[in-house]
Amino acid sequence: MSSQETPSQVSNFIAQIIDEDIKSGKTSQLVTRFPPEPNGYLHIGHAKSICVNFGLAEQFGGVCNLRFDDTNPSKEEQEFVDAIKADVRWLGFEWNDEVRYASDYFDQFYDWAQHLIREGKAYVCDLSPEQTSDYRGDYNTLGKPSPYRGRSVEENLDLLERMKNGEFEDGAKVLRAKIDMTSPNMILRDPVMYRILRQSHHQTGDKWNIYPTYDFAHGQEDAIEGVTHSICTMEFADHKPLYEWFLDNLPVPAKPAQYEFGRLNLSYTLTSKRKLKQLVDDNVVSGWDDPRMPTISGLRRRGFSAHAIRSFCNALPVAKAGGVVDVAQFESAVRDDLDKSAPRAMCVLDPVKLIVTNFGGLNQVNINTADVNEFIRVDPKTKKKVLYRIATEKAKAIIKYREEHGLFESIDDLVNVSGIAETLVEKNRDVLVLNDPKEILSAPAHPKIDLGERQLPFTAELYIDRADFSEDSTLSRKKFKRLVLGEYVRLRGAYVIKADDVIKDDAGEIVEIKASLVPGTVGENPPEGMKPRGVIHWVSATEGRQATVRVYDRLFNHPAPESKDENGESDFMQHLNHESFRQLDNCWVEPGLASAAPESGFQFEREGYFVADRYDHCSDKPVFNMTSGLRDTWANK
RNA sequence: UGGGGUGUAGCCAAGCGGUAAGGCAGCGGGUUUUGAUCCCGUCACGCGCAGGUUCGAAUCCUGCCACCCCAGCCA
């Protein structure tokens, strides 16, 4: 990992604390942990936490555990634990030893619960959830002690045992810590330690009928694992006194310390697992890994590299204030990374045909005899009858066009000037054989980095993007740096061409552009007076490959999709961008792209960054997802 | 309303009593066979507000204001 990706300095307040703890000898080896609950997929917010925890461990020569905080089986699934492990690995992190589970420690927690009962610091409470809430009071009202608060140690022990054995209904009883019903910190008003949940667990099966709460588990998990610095987000700040209360009242092997930092929020992005799950369940998106999802697997499928995600997270300071980072900053990190690593290629998203009428890139004859048509023409010069054999409809059309425009003066001319034909002699007759000639041009895969060369077949029949052509010659050169009727433009990596004519259908739609190339302009500037307006991309219509391109936009058209409306309701579904996905099925890519490996990323020049779809791309049917557009300072002007 | 947290440019922020880093976005210019990249320049007489301490305050003190989190048997 490069130094750019990992914060190297004592760059934030947590790193400062760790640095001091190490210098003072309080901490000998740093141990951190990333503790997700397996109740959904990891998203960009988790990526920040992963980078902080693993990053700090790496920075200070410590280790970071991956631990599933699986204390609530009603929300958890094995699918999520598998996905989380895969995502952490994909991000490029290696956890310490084996994966751990809170459920590994359930027996120990139970012993500790009994310990607290014996100490008179915990009791079984029969209040219903509603009653519990009433008794707890509110911000302005002190709580009242539960009528069950005074139960004897023996009774509590017995009741807890019977809760464990499944003798009571879900919700009938809980085990509570006896702390302070009048604390100004609501968290300390006799918090629940165990609840009855007669449900099987993805790790422990049917062994347990009671499960510990987060509060009764987290600090002890950290202590058991020897975690030295337990880093979490700000919303747990109120829990810190409770975290410490359990550690102080239990015979734990170590005393970890909790530190909090501000959660990462991104504009135009949802980072609530519950709401993301709703998008999946309501089929708003195709799944947790839909390319519009802010999940790690969604970003991956979208083409965001692990490296880009890491540098984005590491560039964000670890601070207490929790602001909203502009998605533009994330996109910028992604472009920055992809610009430096992605091979360049050409793809025409909205094709219009362009015929280069004077293309002379003749090479070998390559005819499928089934395509050959024969017909007789009179040589205009010698008045001799000649048998033409025309290979394809396209070639035939070119001949016809040139005849109509008086571009042929003789057979020789047809052969030499058009360059798209070859003369053969057969049984004393001149036989003209046309094929689709091509010239193989070579272009670097990257303008600055040596990523090798790619082969670009240039042919008489090309596709260019509809938006790259205009008939309006009054457009200024500054405003329209593309192809204009009667003017010159450079085909990227190939010739300078001039648009001579357009052919339209009955509806007035342009179906074909006739153009002529300026010979000798591959890698060379054209003669004086033929200055191209700009550079456009192209793909050979005969050698290129048809492809599907999926274009994505942000899922929400509101900068804060979770924000509340005037009624105090948060209806993020209202802010859905219904044009967040478009599938283009008639795109054309340069031939080499068909064999791209799934998940390989490219910059389609002048368009943006794209990735071969992880699941759907294959060489028979290329499928690319748009990762991001190129920075466009012109569109705004 | 009780408790906890946070306020520095459009956004994220550094700053730890010595005279406002950096990134994103923007703006102006240069290079360019990608309207990209790259390069140069520009962008807070000001640090939520009001007082106070000090030779000196974004940093310390007092008061006020705004926003976020907490009243799950979720994490």
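Within 3.5 Å, a donor on the side chain of A:Arg344 pairs with an acceptor on the base of B:U34, or the reverse. Between the base of B:U34 and the side chain of A:Gln603 there is a donor-acceptor pair shorter than 3.5 Å.
Classification of the A:Trp208-A:Phe106 ring pair by plane angle, with boundaries at 30° and 60°, yields perpendicular. In this pair, A:Phe604 and A:Phe602 present their aromatic rings parallel. The plane angle is below 30°, not in the 30 to 60° band. Ring geometry for A:Tyr41 against A:Phe80 counts as perpendicular: the plane angle is over 60°, on a 0 to 90° scale with 30° as the lower cut.
The aromatic ring centres of A:His218 and A:Tyr214 sit less than 6.0 Å apart. Between A:Tyr194 and A:Phe216, the distance from one ring center to the other falls under 6.0 angstrom.
The residue A:Pro447 sits close to a base: some heavy atom pair falls under 4.0 Å. Within the 4.0 angstrom heavy-atom criterion, base atoms lie near A:Val522. When heavy atoms are screened at a 4.0 angstrom cut-off, A:Arg176 is found touching no nucleic acid atom at all. A:Val496 comes within 4.0 angstrom of no nucleic acid atom, judged by non-hydrogen atoms across all strands. Using a 4.0 Å heavy-atom distance criterion, A:Lys478 is classed as a base contact.
A:Arg606 has its CZ atom 11 Å from the P atom of B:A36, to the nearest Å. Protein atom CZ of A:Arg335 is 11 Å distant from nucleotide atom P of B:C38, rounded to whole Å. If you take CH2 of A:Trp538 and C1' of B:U33, they are 13 Å apart, rounded to a whole angstrom. What separates CG of A:Asp468 from C1' of B:U34 is a distance of 11 Å, to the nearest Å. Atom CG in A:Asn140 sits roughly 9 Å away from atom P in B:U1 (whole-Å rounding). Following rounding to the nearest Å, A:Leu483 (CG) and B:U33 (C1') show an atom-to-atom distance of 15 Å. Distance CG (A:Leu264) to C1' (B:G23): 15 Å, rounded to an integer number of Å. Here B:G4 presents its C1' atom at 12 Å from CG of A:Leu188, a figure rounded to the nearest Å.
Closest to the side chain of A:Arg631, out of B:C12, B:C24, B:U37, is B:U37. With B:U37, B:G4, B:G35 as the candidates, the nucleotide lying closest to the side chain of A:Ala237 is B:G4. Out of B:C38, B:U6, B:C11, the shortest distance to the side chain of A:Lys320 is found at B:U6.
Remark on RNA chain B: of its neighbouring residues A:Asp339 and A:Val535, the 5'-side contact belongs to A:Val535, judged by nearest-heavy-atom nucleotide.
A distance of 10.5 Å separates NZ of A:Lys481 from CZ of A:Arg606, quoted to the nearest 0.5 Å. The CD atom of A:Glu562 sits 9.5 Å away from the OG1 atom of A:Thr269 when rounded to the nearest 0.5 Å. To the nearest 0.5 Å, the span separating CD on A:Gln78 from CD on A:Glu76 amounts to 10.5 Å. Annotation: the span from A:Arg274 atom CZ to A:Lys75 atom NZ amounts to 9.0 Å, rounded to 0.5 Å. Atoms CG and CD, on A:Leu247 and A:Gln258 in that order, are 10.0 Å from each other to the nearest 0.5 Å.
For RNA chain B, the stems formed by at least three consecutive Watson-Crick or G-U pairs, with both atom-pair distances below 3.5 Å, span B:2-7 with B:65-70, B:10-12 with B:22-24, B:26-30 with B:38-42, B:48-52 with B:60-64.
With both ends at atom C1', the span from B:C43 to B:C60 equals 31 Å, rounded to whole Å.
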Study note, to complete from the structure: Its contact letters, B for base, S for sugar-phosphate only and - for none at protein heavy atoms under 4.0 Å, make nucleotides 65-75 of chain B read ----BBBSBSB
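Applying the 90° cutoff around 0 to the glycosidic angle, B:G26 is assigned anti.
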